[in-house]
Structure formats: structure tokens, C-alpha cells
Amino acid sequence: MADPAPFLPYGRQLIEDDDVAAVVEALRADFLTTGPRVEAFEAAFAEKVGAAHAVACSNGTAALHLAQLALDVGPGDVVIVPAITFAATANCARYQGAEVVFADVDPDSGLMTPGTLTDAIARLEGRRLRAVLPVHLSGHAVELPALAALAAAEGAVLVEDACHAVGTRMAFDNRPEQVGDGRHSAMACFSFHPVKTMTTGEGGMVTTNDPALASRLTALRSHGITRDPAAFTAPEMSLDAASGEANPWSYEMQALGYNYRLPDVLCALGLSQLAKLDRFTAQRRALTARYQTLLAPLAPTVRLQPGAPYADPALHLLVVLVDFEALGRSRKSVMETLRARGVGSQVHYIPVHRQPYYAARYGPIDLTGADAWYARCLSLPLFAGMEAGDVDRVVEALRGVVA
Ligand SMILES: Cc1ncc(COP(=O)(O)O)c(C=O)c1O
């Protein structure tokens with residue numbers, strides 16, 4: 001009897017022999033933590049996304065927190081975050097004592113839009129807006145130029161939560177760009193969690209075109225410490241009195257930083273995965289196109305999260321919007337039936353403002369776009385190790401549920 005087809009999770013890593021070999025080589029090298037692969041990974045990633053600088057860190061949450069630290073976000077500040085995202089997007093502002101104002105999202109794309117950002121700005125009630133953190137949900141790009149203009153008009157900084165969107169391309173006014181190149185934002189934050197398009201296990205990156213931000217990010221991810229004699233500010237501590245040169249052991253802690261470093265071993269995996277990013281994103285685009293074709297007959301009960309005309313996304317998540325009411329079935333029962341047929345699914349996301357922590361802090365907020373998204377969203381399997389036949393299997397299982 002043929003083996004049953006393997007279970008398809010909604011996302012998973014693709015680790016190949018050369019990835020393993022790269023990690024083993026790093027394990028046998030001199031530095032397990034900060035070593036030469038860190039800078040090599042940063043340089044390669046910056047080049048890949050078209051940014052001047054990239055700073056590696058321990059995960060996407062650390063990347064978002066470092067961005068807030070580098071901007072000196074603090075008590076009295078407000079940060080605007082879309083209600084549909086992972087909790088970390090909002091939490092990074094709270095770590096700094098800033099308050100979060102949740103923006104609504106478009107009910108179909110799940111994205112913060114110029115309209116929902118304008119509405120959130122109207123709820124600032126005189127408080128200082130320090131940063132706006134749009135999320136490229138699933139890998140679908142937000143409308144960066146318009147959001148940047150709105151943020152700038154408030155004197156606020158745009159920081160992209162690009163944790164889903166490595167490889168996403170865009171064109172505004174016919175100019176090709178890509179997520180992370182920093183054309184419209186101060187910083188973009190990436191995650192290399194295993195379900196993402198490329199992985200380092202845990203891992204993150206901040207890209208920026210601002211050299212001052214890059215050096216702040218670099219110091220803050222390692223305790224706020226600098227070893228650059230040119231940056232020293234305490235000569236009596238750091239310099240040799242006789243020669244005026246830096247002591248060989250000197251370092252200065254100039255700000256309150258963290259240990260958010262990404263080890264050399266994981267940067268080895270990152271370098272190896274980055275070299276395959278084009279293949280991974282091409283496969284994700286091909287799988288997405290197949291889903292698009294095969295899911296079309298299931299509309300309007302099941303529809304794909306729509307893309308924007310200005311973007312060519314490399315999707316991290318394949319989200320369908322299901323009209324569970326019309327179907328007469330709950331999402332739970334649909335997920336259970338899919339699971340019984342070997343198909344995993346997930347929900348991205350429960351609106352963050354409805355999480356008990358935020359509901360207790362800010363009270364009830366009426367964000368109808370976020371609620372409408374949450375009522376219908378379902379993430380189906382999408383990962384680079386899938387093949388066309390796997391998409392057929394997922395759609396077949398879904399068709400069985402919808403029929
Ligand atoms: C939109 C978004 N932001 C931030 C994060 C945090 O990334 P990490 O899990 O690497 O800390 C994630 C991770 O799932 C995410 O999906």
C-alpha cells in the first residue's frame with residue numbers, strides 16, 4: 001500500500017544539505033557567537049534588499065524593539081500599529097513605555113491603508129505621534145509612499161514591519177523597489193522564524209539607509225556598547241593617559257542596550273538560506289499562482305486575500321477569506337475537517353486590540369475592518385518545499401468542505 005501523503009502544515013522551513021554543512025562549518029570555526037559570518041550576513045542581506053545597512057539581531061521582535069530604541073521612543077509617545085498583526089508589532093512600543101493606537105485595516109487586504117492611518121491619527125487626542133509601524137501582512141505590501149507622507153505630516157517616523165515580506169517587490173510611479181530598500185521608511189524589520197520565507201531558526205534583521213541609525217542599532221543590540229575609539233566619549237576611562245590612544249581592552253557603554261545578537265552559527269544558516277531566496281520566492285510565487293487558478297471557482301465563498309496593483313508580493317502566508325456564515329460551518333469545524341484530510345491551517349491574526357492585555361489598557365475599540373478580516377481569514381499551506389500537487393491536494397480538501 002502506498003504511504004499516505006504527508007501532513008501539510010500551513011508553513012515550514014526548507015533546510016537542505018548545504019544549509020546543514022554551512023552550520024557545521026560554523027560550529028567548527030573559532031566563534032560561535034559574534035564572528036565573521038555576522039557581518040557577512042548583514043552585508044549580503046543589505047545588498048539583496050537594496051539597503052545601505054543591515055543589522056542582524058536575535059529575532060523579529062528584537063528587530064522591532066531595536067527600531068524603537070534607536071528612535072528613542074519612550075513614555076509620552078504614541079506609536080500607531082495595525083490591529084491585524086502579530087502581538088510583537090505593538091509590544092515593541094510598550095517595552096519602551098510608549099502607548100499604542102491601533103489603526104483599522106482594510107477588511108479584504110488586512111492592511112493598514114492611508115484611510116485607516118488617517119482615522120488612527122484622528123484618535124491621537126493631542127499626544128505626540130512618534131512612529132507608524134505598518135505591516136506587510138502575508139507579504140502583501142502596504143502603500144508606502146502615502147503612509148510615509150501621512151507619518152511625516154505628523155512629524156512621525158515610518159518603520160516597516162517587514163517580517164512577512166522578504167522578497168516582495170513594488171513599483172510606485174513606475175519606479176521598481178523592494179521591501180527593505182528604505183525608500184519610504186527609516187527602517188524595515190525582518191524575521192527569520194522557521195515559517196518565514198527564509199530562516200535562521202530564531203533571527204531578525206533591521207535595514208536602514210541612515211548610517212547613524214545603523215550604528216545605534218548595532219550598539220543597542222549588544223548592551224549599548226561601542227568598541228570604536230573614534231566614538232569614545234570618556235577619555236579618562238578609555239584612553240591611555242600617556243599616548244592618548246585607546247587602551248586595548250577599552251569599550252564604552254553609552255546607552256542602555258540589550259543582548260539581541262544573532263550568533264555566527266545562525267548567520268551561517270542565514271547566508272546559506274539567503275543564497276536560495278530567489279528560488280524560494282519563485283516557488284512561493286508559482287504556488288500562489290496555482291492557488292489563484294484553482295481557488296477561483298470557489299468564489300465568492302472562498303477568496304484569496306487580494307493583492308495591490310503596485311506590488312508583486314513574495315507571499316509568506318496564503319490567506320483565504322472564507323464566508324463561514326454562507327457556508328453554514330464554523331471555522332473550527334472547517335479547520336478540523338481539513339486537518340483530518342492532511343491539511344494544516346491557521347488564523348492570522350486575532351485582532352491585537354482584542355487581546356486581554358490591550359483591551360484592559362485601552363478599553364473597547366471599534367475597528368470593523370479588523371473584525372471583518374478576523375471573521376473570515378484562514379491561512380492555507382504555503383512553503384518552498386511544497387509542490388504543485390500539494391496545492392491541488394489542499395484545494396481538493398477545501399472543495400470537499402465548501403461543496
Ligand atoms: C508581523 C510580525 N511581526 C513581528 C514578528 C516577530 O518576529 P519573531 O517571531 O522573529 O520575533 C512576527 C513573527 O511571527 C510577525 O509575524
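All ligand and atom numbering here is 1-based and tracks the order in the structure. Along the sequence shown, residues carry numbers from 1.
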How far is [atom] from its nearest protein heavy atom, and which residue and atom is that?
atom: atom 8 (P) of ligand 1; answer: Gly60 N, 3.4 Å
atom: atom 12 (C) of ligand 1; answer: Phe86 CD2, 3.7 Å
atom: atom 3 (N) of ligand 1; answer: Asp161 OD2, 2.8 Å
atom: atom 13 (C) of ligand 1; answer: Lys196 NZ, 3.1 Å

For the student: nearest non-hydrogen atoms of Arg329 and Val401, plus distance: NH1-CG1, 3.6 Å

Nearest atoms (heavy-atom pairs only) where Val79 meets Ala98: CG2-CB, 4.3 Å

Under-4.0 Å heavy-atom contact with ligand 1, by part of Phe190 that carries it: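 Neither part.
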
Flag, side chain of Gln254 to backbone of Ala231, donor-acceptor distance under 3.5 Å: yes

Heavy-atom donor-acceptor pair, Ser238 side chain to Ala234 backbone, under 3.5 Å: yes

What atoms of ligand 1 come closer than 4.0 angstrom to any heavy atom of [X]?
X: Thr89; value: 3 (N)
X: Leu64; value: 4 (C)
X: Asn59; value: 10 (O), 11 (O)
X: Ser191; value: 7 (O), 8 (P), 10 (O)
X: Tyr349; value: 16 (O)
X: Thr85; value: 1 (C)

Does ligand 1 come near enough to [X] that some N or O of the ligand is less than 3.5 Å from an N or O of the residue?
X: Cys163; result: no
X: Thr61; result: yes
X: His164; result: yes

Pair Thr199-Gln13, side-chain donor/acceptor within less than 3.5 Å: no

For the pair [X] and [Y], find out whether any cationic side-chain nitrogen is under 4.0 Å from an anionic carboxylate oxygen.
X: Arg399; Y: Glu396; value: yes
X: Asp108; Y: Arg376; value: yes
X: Arg290; Y: Asp392; value: yes

Sub-4.0 Å heavy-atom approach of His316 to ligand 1: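 Contact check His316 vs ligand 1: negative.
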
Steps toward side-chain contact (heavy atoms from CB on, under 4.5 Å) verdict (Gln96, Leu69): CA-CA 7 Å; Gln96 290 302 103; Leu69 283 161; 3.5 Å; yes

Spatial distance of atom OH (Tyr258) from atom OH (Tyr95) [nearest 0.5 Å]: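 The OH atom of Tyr258 sits 9.5 Å away from the OH atom of Tyr95.
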
